[in-house]
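Numbers here simply count residues along the sequence, with the first being 1. Just so it is clear, the structure is predicted and the values come from calculations on it, not from any experiment.
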Amino acid sequence: QVHLVESGGGLVQPGGSLRLSCAASGSIFSINAMGWYRQAPGKERELVARIIPGGSTNYADSVKGRFTISRVNAGKMLYLQMNSLKPEDTAVYYCNAGTVRGVYWGQGTQVTVSS
């Protein structure tokens, strides 16, 4: 089992910044891709950003130039730096990890962008 715990969410004004963190523990030796997803009320969960061990990344068009994904310690920590936040970024953000044994999700952390 891989245990993922997100932190760093909160309330921020438009134009502000947040950094989300995801701590991975357990059987993480086989983690391949890791990523951040988000889900707003009444909407489908969507990919925000993804990173693989070689360092390749991809981003949703809606966050390109504003968000940066990174990982350290062989995937034990995953980050999402979010700048220039917009109200439409409001969602629950989930950490994700794919391994040869399956796909794992964190519990989510709420990000609310509002005045």
Side-chain angles (χ1 to χ4, degrees):
Q1 292 283 333
V2 175
H3 187 213
L4 304 172
V5 179
E6 303 96 332
S7 61
L11 175 65
V12 63
Q13 294 185 338
S17 297
L18 287 172
R19 190 178 77 157
L20 305 183
S21 300
C22 173
S25 61
S27 300
I28 63 173
F29 61 91
S30 59
I31 287 178
N32 186 210
M34 298 188 74
W36 290 96
Y37 290 71
R38 67 186 181 188
Q39 187 169 25
K43 299 182 68 177
E44 300 288 339
R45 187 173 299 187
E46 65 175 355
L47 175 68
V48 176
R50 180 177 177 269
I51 189 168
I52 62 174
S56 296
T57 60
N58 61 336
Y59 298 88
D61 287 342
S62 60
V63 307
K64 285 182 179 178
R66 300 188 297 121
F67 292 9
T68 303
I69 188 171
S70 60
R71 64 190 290 182
V72 297
N73 296 328
K76 291 183 178 181
M77 292 295 297
L78 180 73
Y79 300 100
L80 184 68
Q81 178 66 47
M82 305 186 295
N83 299 324
S84 301
L85 283 161
K86 304 174 181 180
E88 50 264 46
D89 295 318
T90 296
V92 177
Y93 284 70
Y94 296 91
C95 180
N96 166 270
T99 77
V100 296
R101 293 182 177 271
V103 178
Y104 300 88
W105 297 92
Q107 83 287 349
T109 185
Q110 177 71 49
V111 173
T112 302
V113 185
S114 175
S115 298

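In this structure, Val2 and Thr99 have side chains that are in contact, with non-hydrogen atoms separated by less than 4.5 Å. Side-chain contact check for Pro14 versus Ser115: some heavy-atom pair is nearer than 4.5 Å. The shortest distance between side-chain heavy atoms of Cys95 and Gln107 does not fall below 4.5 Å. The closest side-chain heavy-atom distance from Ile51 to Ser56 is not below 4.5 Å. Side-chain contact between Leu20 and Thr109: present, with at least one pair of heavy atoms (C-beta onward) separated by less than 4.5 Å. Two residues are said to be in side-chain contact when any heavy atoms from C-beta on lie closer than 4.5 Å; Met77 and Cys22 fail this criterion. The shortest distance between side-chain heavy atoms of Arg19 and Leu80 does not fall below 4.5 Å.
Residues Ile52 and Ala33 approach most closely at CG2-CB, 3.9 Å, considering heavy atoms. Across all their heavy atoms, Gln110 and Ala91 have their closest contact at NE2-O, 3.4 Å.
Comment: Asp89 does not engage Lys86 in a salt bridge, judged by the lack of any side-chain N to carboxylate O separation of less than 4.0 angstrom.
The ring of Tyr37 has its center closer than 6.0 angstrom to the ring center of Trp105.
Taken from CZ in Arg50 to CG in Leu78, the straight-line distance is 12.0 Å, to the nearest 0.5 Å. A distance of 12.5 Å separates CD1 in Ile31 from CZ in Arg101, rounded to the nearest 0.5 Å. Put simply, NZ on Lys76 and CG on Leu4 are 13.5 Å apart, with the number rounded to the nearest 0.5 Å. Within the model, atoms CD of Gln1 and OG of Ser27 stand 8.0 Å from one another, a figure rounded to the nearest 0.5 Å. Atoms CH2 and CG, from Trp36 and Asn96 in turn, are 10.5 Å apart once rounded to the nearest 0.5 Å.
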Starting from the C-alpha separation in whole Å, work towards a yes-or-no answer on side chain to side chain contact (heavy atoms under 4.5 Å, CB included) for Val113 and Met82.
CA-CA 11 Å; Val113 185; Met82 305 186 295; over 6 Å; no
Using side chain to side chain contact (heavy atoms under 4.5 Å, CB included), reason through Tyr93 and Glu6 one step at a time and then give a plain yes or no.
CA-CA 8 Å; Tyr93 284 70; Glu6 303 96 332; over 6 Å; no
One pair to check against side chain to side chain contact (heavy atoms under 4.5 Å, CB included): Gln81 and Ser70. What are the steps and the verdict?
CA-CA 8 Å; Gln81 178 66 47; Ser70 60; over 6 Å; no
Step-by-step side chain to side chain contact (heavy atoms under 4.5 Å, CB included) determination, Phe67 to Val48:
CA-CA 9 Å; Phe67 292 9; Val48 176; 3.6 Å; yes
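Within 6.0 Å of the CD atom in Glu88, the count of heavy atoms belonging to other residues, nucleotides or ligands exceeds 12.
When the options Leu18, Leu11, Val92 are evaluated for a side chain to side chain contact (heavy atoms under 4.5 Å, CB included) with Val111, the one that passes is Leu18.
Annotation: cation-pi pair Arg45/Tyr94 present, NZ/CZ under 6.0 Å from the ring centroid and within 45° of its normal.
Counting only distance, with no hydrogens or angles, the side chain of Tyr79 and the backbone of Thr68 share no donor-acceptor pair below 3.5 Å.
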